[in-house]
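We name chains A, B, ... by the order of the sequence lines, and we start the count at 1 in each one. Keep in mind that this is a model prediction, so the values were computed, not measured.
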There are 2 protein chains.
Amino acid sequence: MSERHPSAPSDTSPPGGERRRLHGGKPVGIALLGCGTVGGGVLTLLARERERLAARVGAPLEVRRVLVRDPKKVRVEACDVRWVTTDVDAVMSDPEVELVVEVMGGEGLAGDLVERALRAGKSVVTANKALLAARGKQLFALAAEHRADLGFEAAVGGGIPIIRALRDQLAGDRVERLFGILNGTSNFVLTQMTELGQGFAEALADAQARGYAEADPTLDVGGFDAAHKLLVLATLAFGAEVTEGEIAIEGIRELEAADIEHARRLGYVVKHLVVGRDHGDAIELRVHPTLIPRSSVLANVSGVLNAVKIEGAALGPCVLSGRGAGDLPTAVSVVADVIDVSRAIVAGAPGLVTRSVAIARRPLRAAGLTEVRWYLRFPVADRPGVIAKLAAALGDAGVSIEQIEQGPPPAEGDAPVDVVIVTRTAREDAIRRALAAIELGAIEGQPFVRRAPRALRIEEP
Amino acid sequence: MSERHPSAPSDTSPPGGERRRLHGGKPVGIALLGCGTVGGGVLTLLARERERLAARVGAPLEVRRVLVRDPKKVRVEACDVRWVTTDVDAVMSDPEVELVVEVMGGEGLAGDLVERALRAGKSVVTANKALLAARGKQLFALAAEHRADLGFEAAVGGGIPIIRALRDQLAGDRVERLFGILNGTSNFVLTQMTELGQGFAEALADAQARGYAEADPTLDVGGFDAAHKLLVLATLAFGAEVTEGEIAIEGIRELEAADIEHARRLGYVVKHLVVGRDHGDAIELRVHPTLIPRSSVLANVSGVLNAVKIEGAALGPCVLSGRGAGDLPTAVSVVADVIDVSRAIVAGAPGLVTRSVAIARRPLRAAGLTEVRWYLRFPVADRPGVIAKLAAALGDAGVSIEQIEQGPPPAEGDAPVDVVIVTRTAREDAIRRALAAIELGAIEGQPFVRRAPRALRIEEP
């Protein structure tokens, strides 16, 4: 891996100047932390595109160490056994290792190793959104302090170049709104529910059978994975440092086939969205299932695909979509960062690429102040006066109604019937107030809401 | 514009090292060539985001010169009159100008000025796809020779970060296929024809009335603008140096409402596409109106929007869409390049960002060897035996038929009726051979094809 690339373009002579061997003509030494499927993809791409990458970087890329827990478990053909080690110190104290690629996952050990690498002045590329969501601010500060780069394109949206778009393309603009479908499992489940009429449990079982969902799917269908990604995007889009506990996170577990069907009849598709908005004085960050118009470009992002729509003040709308997960797409993003960061190292300017991400505390707008249109579904007793009660409670809370629909009378005498209400734009606290009043409401001494109402936000991305 | 930004992140001390003033603490001097609407947008963004950009770059950006033909015509509020000059030498000989932004357009003078700037070791950012299509190879070589950057994100797809995606995100992968809707005028005209049933002339007049089409629309509706953009993308996607004269370019002028309608009935939408494919031994580049399935993500890119779908060997599909033109989106792309290139200058590594674009002669696959499915429309005499003749001619040329449809009998006795044939995948030379035979064909001594057949390619992007 250490031969010189004789015709590297960065090695051409400046006119009238002396011939300069960039980086002393040395290769860029790389260590991998972890060697699972993404790590294997990275090693495969580094081997397959070796000459092109050397030309692009201006020096060869040389893998020197691959840190693993158990060398016997390494199953990657492109991994030379001589690289494999279990010795952390051997990796961190190797002065030839200038770039550390973290593909082991998890927050604890991975975070400690990334910190240690940055403190040693080594640049880091990571695919770990949970780590960035939990410790991003400290890691960016460490990278800046030690003149190291911290690349994380692979952490959000797999192979989609969303980090580059926000960090580089929009560097001279301001992001006003951001919408994302960032969890492939949830999107697959919702697509199955929409296209095949499956219920949540059935669609989830299908996703698990295909390997799109974990045995414990909480991180995905609970909305937490999408929230981690939103927090990472928020640092770039809004320069905002926000932690997971500060934002309301709703997953898709409670969605019923009836909601998907009502939404469809009203012209909407239900998607699990992350939403970010900059109001100037405060930002708004939300993660929840959402009704979006069927004609929206995000409505057509199906299955395990991911997509992000950014709206820049000057740029206008820009949509990026592609494979949000998968070993090879993620590996492509890791290698893209490896190339950028290596070029900066070779040019003698480590830290150039990613260092100046400005992060500050920015106030979050309280959830209650959020204003959107709402879809409300009330499973109610089928009797006269119910709609008047619902409308009155909403009116009392200051919520205007755009549309009311009542399902057909129930087949069995006393089964609940769905009343669906679409509101005009309303503040969330007003909606919550109305829902509380409605759940306590009664007609002739009998509560008329039979099961918990369902409230979903409507967005027009 | 020349005050120092005291807290620029790039200015922090390395641990244990001496404090280093990057770029000697100087601002990065910028000259604009041209000051029309895009130039005005660039100056506006540079002024509006001054502090953020200085923090991002590590030094302030200082506009020093704005070269124009006629200073009286400068109508840009953000343009300081003291910058305005008509003196080329004053711009080129100013040692403080390290970055030249070309937003004047045209190939001749603009090309000469860009060359001169590169020879003087100044980096260049340009929005000029016609210039790159005509003289790209020489300009990239000059930039490499003189250790300068040549940024051109704004040249293709307006505000969509397609250049970054190809250059950086896919640097470790190989592009297998590329599809693009890259001309907003053509896409607007086709959208009007599809959605409102307008004919070409009416839709074009509509586009002209709204300012989406020039008085002479040849460059746009003739397909040439899209072809220029494809040639620029081909350098990045396939490392290929190709000139305009080498590829077949078809515009949308000859499309009729009947084609749009037949396509719709068959489940397709007609889009003006650029297509690129890497066959390993050769590449394929085409520009033409194309039938694509209505469910394709590109089918839903309407009006003046642009979109590109890239398929990487490892990355899989990735779609980027947004505003393909417009002063502000284009200015955002220019400023993004200005930032990247300025950071490299400040880090003492000019040329780092864009220099290593590898360009080589790569053989083009001959158009006749292209293999796609075809939509063929034959306005024929309404008499028995015609379909047999059409099918026989196609069969003789080795073309298999997937579907044949004949329109209803004509209202007037002798008017032609459309026969539409969808073929299986067929080589273009076979299709041409069949069409030639059919145009010469006769039944009982009478030619049965009444007007020139229409042949459109079908793609499934």
**Prompt:** Taking 4.0 angstrom as the limit, do Asp340(A) and Arg167(B) come out as a salt bridge?
**Reply:** no

**Message:** If we ignore hydrogens and angles and just use 3.5 Å, is the side chain of Arg164(B) paired with the main-chain N or O of Ala165(A) as donor and acceptor?
**Reply:** no

**Asked** Can you check whether Asp173(A)'s main-chain N or O pairs, donor with acceptor, with Arg52(B)'s side chain at less than 3.5 Å?
**Response** yes

**Item:** Which atom of Arg56(B) lies closest to which atom of Ala171(A), heavy atoms considered
**Value:** NE-CB, 3.8 Å

**Prompt:** Going by residue number, which parts of residues 304-317 of chain A are within reach of chain B, meaning a heavy-atom gap below 4.5 Å?
**Reply:** Ala313(A), Ala314(A), Leu315(A), Gly316(A), Pro317(A)

**Message:** Only pairs of heavy atoms separated by less than 4.5 Å count here; which of Ala336(A), Pro329(A), Ser333(A) has the most with chain B?
**Reply:** Pro329(A)

**Heavy-atom proximity to chain B below 4.5 Å, by part of Gln169(A)** = both

**Complete:** Ranking Leu328(A), Val335(A), Val319(A) by heavy-atom pairs under 4.5 Å to chain B gives rank one to Val319(A)

**Segment of Asp168(A) engaging chain B (4.5 angstrom heavy-atom cut-off)** = both

**Request:** Give, as side chain, backbone, both or neither, the part of Val332(A) having an atom under 4.5 angstrom from any heavy atom of chain B.
**Result:** both

**Item:** Pairs of heavy atoms under 4.5 Å with chain B: top-ranked of Gly326(A), Gly121(A), Ala344(A), Pro161(A)
**Value:** Pro161(A)

**Request:** Below 4.5 Å from any heavy atom of chain A, which atoms of Leu53(B) appear? Answer side chain, backbone, both or neither.
**Result:** side chain

